[in-house]
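Worksheet for the structure shown next.
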2 protein chains.
Amino acid sequence: MAQTDTVTRILDTAEVLFAERGFAETSLRTITSKAKVNLAAVNYHFGSKKALIQAVFARYLDPFSERFHQALDELEVQYRGEAIPLEVLLETLARTVLEVPAERNSLKVFMRLLGLAYTQAQGHLRRYIQEHYGNVFSRFSDLVRRATPELPEAERFWRLHFMLGTVIFTLSGLDALRDIADKDYHEHVSVRDLIRRLRPVVVAGMQAPLPDDALKVAG
Amino acid sequence: MAQTDTVTRILDTAEVLFAERGFAETSLRTITSKAKVNLAAVNYHFGSKKALIQAVFARYLDPFSERFHQALDELEVQYRGEAIPLEVLLETLARTVLEVPAERNSLKVFMRLLGLAYTQAQGHLRRYIQEHYGNVFSRFSDLVRRATPELPEAERFWRLHFMLGTVIFTLSGLDALRDIADKDYHEHVSVRDLIRRLRPVVVAGMQAPLPDDALKVAG
DNA sequence: AAATGTTTTAAACATTCGTTTATTCCACGC
DNA sequence: GCGTGGAATAAACGAATGTTTAAAACATTT
């Protein structure tokens, strides 16, 4: 039963620990001891710690990328040249994000990893993600452009990242926030609850009126 | 000229390096060599690396906390019992945030540090901030409550954090985003530009319609 | 000018880290 | 059954980390 099962055990353990403590704060020794694998196994199977980090992301992002492309294909067929409404695009994005890690009910981990990818130094990771999954974001970005023709180019760019920030920041810091919410409001929220709450906020944010003097610095 | 100037040089250097690379990825040797002070100076003046991290935050948050309390005092006098409008509260918050680090034009660093405080492990930091500055947030939170009486308790809580996420995430990852924006839109944004763009989005987000079935889980 | 207390300095300390090496284990084809 | 190759293991390596020590330099007070 040993064989490649070692690789899986390493990945399973690493993603949880990375999500909890970050990359630099998680040592290979912690990972391998918790995974009950020999220390050298990481370097043997993955080559280096950096490569392990990338592999952890790939295991989430590869299926996500594939499914999301597929979902967008279907939408484009369905709307046949017409612009796909913003709500539909966001809904599809949310659904795909929810579907992918559903099997291991590790949505929390997935989101936390995404947050780390942004905020932790790890230049190699940003490059890796940009290189491997940049086209998915580009495609989504193009569709959002057609859904919000009233927005100036730059304004849409920034608002998309605003909303990305909202979602990733909230879901990645969820545990800490949930503790406070539980204590103050005696109300326990699931990730799905949160996404339901996020939707109207994100839509409203994207459709907010333009800032007072938006045409000041036009490219 | 040496004396306590050492402390300042350490803080100045540390905050920049922390903001660039994070806490764990920044060694005391990097800090002290760049600051041109002896390695042992950090432990001598601050006691430990953790204490240095907290000192870096205190140098921003102490003046911020004081000024913000003061600004809220003035607003409460001005509105004399009436609820202070949400826009005014957000405007005041933004103004205070902009004012504090203005002297060293290090708003970027400040924001990046706030982002790190959320996302990096560093449990001691979260505790420190919670303990020292929790009351400022509480007070602001109470005022927002009075400004948005139509929002259910929990919904307001979450939306406040959504918006916090938007701002901190965007401004803390600003450099990376700005690179993309510069390249794609040939338009250079300043932090103040971004804040101008953020305002309508944040306001719209806070005032978005309630989610479809918001009363499902009522405390 | 001597004494005192504070700050700076260089060196060492004890850990911890990622990675590598050399050996052993184990399954499979001949 | 034997030998071959991939995988697991224990041990070690070198580098880097935060912290401590003990001596030197400095400033301040008497």
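- A:Leu39 places its CG atom 10 Å from the C1' atom of D:dT9, with the value rounded to the nearest Å.
- Distances shorter than 4.0 Å separate none of the side-chain N or O atoms of A:Thr6 from OP1 or OP2 on D:dA7.
- One can place CD of A:Glu25 at 17 Å from C1' of C:dT15, the figure rounded to the nearest angstrom.
- Under a 4.0 Å N-O distance rule, the pair B:Arg145/B:Glu153 qualifies as a salt bridge.
- Using a 4.0 Å heavy-atom distance criterion, B:Thr26 is classed as a sugar-phosphate-only contact.
- Residue A:Ser33 holds its OG atom at 9.5 Å from CG of A:Leu39, rounded to the nearest 0.5 Å.
- One can place CD1 of A:Ile10 at 13 Å from P of C:dT19, the figure rounded to the nearest angstrom.
- With a 6.0 Å radius and a threshold of 12 heavy atoms from other residues, nucleotides or ligands, A:Glu91 has its CD atom above the threshold.
- The nearest whole Å value for the distance from the CZ atom in B:Arg29 to the P atom in C:dC13 is 14 Å.
- Where A:Tyr44 and B:Ser27 meet DNA chain D, the nucleotide closest to each residue was compared, and A:Tyr44 sits on the side nearer the 5' end.
- Here C:dT16 presents its P atom at 15 Å from NZ of B:Lys49, a figure rounded to the nearest Å.
- Salt bridge status for A:Asp5 with A:Arg9: present, with a side-chain N to carboxylate O gap under 4.0 Å.
- In this entry the distance linking CG of B:Asn38 with C1' of D:dT19 reads 13 Å, nearest Å.
- Considering only side-chain N and O atoms, B:Ser48 lies nowhere under 4.0 angstrom from the phosphate OP1 or OP2 of D:dG18.
- Between A:Ala40 and B:Ala40, the residue anchored closer to the 5' end of DNA chain C is B:Ala40, taking for each the nucleotide with the nearest heavy atom.
- We find that NE2 of B:His45 is positioned 12 Å from C1' of C:dT9, with the value rounded to whole Å.
- Distance CG (B:Asn43) to C1' (C:dT8): 14 Å, rounded to an integer number of Å.
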